[in-house]
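Side chains included, hydrogens not; waters and symmetry mates left out as well; all remaining heavy atoms used. For ligands, and for the atoms within them, numbers begin at 1 and follow the listed sequence.
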Amino acid sequence: MKHFYWALFILMLNVCRVSGQQQAPHVSGKLEISFSDGLIKGDFQLSKLPGLGKQYKILLNRGLNIGLLKNDSGKVLQYSGFYNDKLIGEAAAYYPVADNDTLSLPQKLSISYTGAFPIYTDTLNSFDFKGMIALNGKTLRAAEQSKWYPVIYDVKNDKELLDVTYDIDVECKDCQTIYINGSRPQSGPAARFVSAVPRQLLLFAGNYKAQVLDNSTFLNADLSPAEAKVFNDNIAFITNFYKAYLSAPYGDKVTLLQHKAVETYGPSGNWGFVTFPTIAVAGETFKSQLDMQKGTFKDTSNYTFYAHEMGHYYFGHLLQPNSTLKWFFLESMAEFLSIKAGQKKYGEVFLRNYISKAKAQVKDWKIKPLPTIVNPDNLGEGYRYIYGPLILLAMEKRFGPGAVEQFCRKALQKPGMETNYNYLLTIVKDAGIKDADWKKFEAEVINQRECKNIYPYL
Ligand SMILES: [Zn+2]
């Protein structure tokens with residue numbers, strides 16, 4: 001009976017948490033792409049908008065011009081943000097007005113817009129990044145960060161509501177294949193994409209082929225069936241390892257997207273980004289990374305690169321880190337998972353090599369100990385990707401691999417919490433690490449400011 005009440009209590013907590021969570025907005029409508037001149041036309045309805053009152057902006061790529069902004073009943077709305085206003089990232093920030101005041105965010109809005117973007121073919125640009133709407137004559141790539149679709153910005157919580165459910169018709173006369181993140185790629189020139197699962201909308205359209213396999217989908221990869229199988233098998237190995245290690249299902253089938261950036265990458269310079277479940281890579285081709293004789297990647301770093309990106313399903317998607325240790329729980333955890341996946345595949349030699357390389361890198365670094373971090377950005381790149389994972393490896397050595405495995409599992413079971421040092425302490429405790437033992441570890445490792453002091457504990 002007692003158990004029953006506990007179960008009921010926990011159930012109620014969960015209900016509260018779900019109802020307290022914001023519902024994702026829904027985007028429906030039509031996108032037209034004129035591929036040969038880089039022209040994009042959108043006509044969208046946003047619905048299921050949250051009750052943000054006047055604390056919101058509507059973000060749209062700075063290169064897209066609003067035609068009309070309308071309310072529910074089709075009435076044309078006045079709006080501000082088109083003159084003398086600040087950009088937010090790569091987007092202009094608009095807000096409807098009535099009687100010289102911001103209009104409270106209605107539940108539905110309609111927006112039509114048009115814009116054209118340069119096509120880089122022979123001579124490439126001096127930069128490319130995830131926020132670009134990038135055309136290279138063969139493909140158009142527009143990630144959610146570019147705001148090619150209207151995105152509501154929650155001012156009070158400083159949050160872009162990028163995850164949306166969708167029902168979108170795309171028309172692109174010169175496109176062989178069209179893809180919107182989370183949907184199956186479809187043949188052009190026109191296709192409809194529907195998702196009841198909220199997604200961040202990465203759009204990838206153009207003259208490329210899609211290859212759909214059991215564990216992964218390849219876009220623009222031009223892999224032979226044998227190569228696709230080898231790649232797919234390696235991806236499956238990583239997902240199977242994560243499922244067992246974290247005792248949690250891998251939620252999505254990944255899509256691997258190969259594209260040519262509008263800035264020069266390759267042959268050795270690579271660039272990757274993730275809009276889950278899509279992993280996009282520019283530079284080296286998937287094909288060139290494979291060793292078909294051995295049935296694996298030529299370099300272990302290719303394998304760990306994909307393992308890292310796939311690890312963001314857990315640390316980034318299931319657990320969405322915030323607060324002071326945001327970067328530790330996002331990047332150090334994903335990197336640590338990739339090291340474990342590497343160890344599983346390539347054995348202890350891989351792990352020892354990884355550690356000795358990382359040790360050499362951090363030799364002269366000084367850091368702020370985790371308990372003293374007050375601003376998430378105090379954790380610089382090296383700290384996130386190299387030193388943070390070393391702390392986790394030192395924890396493994398001190399408390400045993402089983403304890404750190406538990407630490408990773410427990411971290412995923414508390415979504416929605418502030419990921420600060422107190423959170424880390426809670427998980428340490430949940431993982432069965434004794435208080436006195438942790439205090440000792442804190443003094444010897446965590447609170448050290450000179451990175452080389454971690455050497456004896458690895
Ligand atoms: Zn990462």
Output the atom name for the N/O/S atom of His308 with the smallest distance to the Zn ion (ligand 1). NE2
Side chains of residues 246-255: which donor-acceptor partners sit under 3.5 Å, not counting sequence neighbours?
residue: Tyr250; atom: OH; partner: Met310; partner atom: O; Å: 2.9
residue: Asp252; atom: OD1; partner: Arg199; partner atom: NH2; Å: 3.0
residue: Asp252; atom: OD2; partner: Arg199; partner atom: NH1; Å: 3.3
residue: Lys253; atom: NZ; partner: Leu213; partner atom: O; Å: 2.6
residue: Thr255; atom: OG1; partner: Tyr179; partner atom: OH; Å: 3.4

Centroid separation under 6.0 Å, is that true for the rings of Phe276 and Tyr313? yes
Name whichever N, O or S atom of His312 ends up nearest to the Zn ion (ligand 1). NE2
Give a yes/no answer: is there an N/O/S atom of Glu331 under 2.8 Å from the Zn ion (ligand 1)? yes
Taking disulfide bond (SG atoms under 2.5 Å apart) as the test, write out the residues that go with Cys451, two or more places apart. none
Verify whether the ring centers belonging to Tyr149 and Phe44 lie closer than 6.0 Å. no
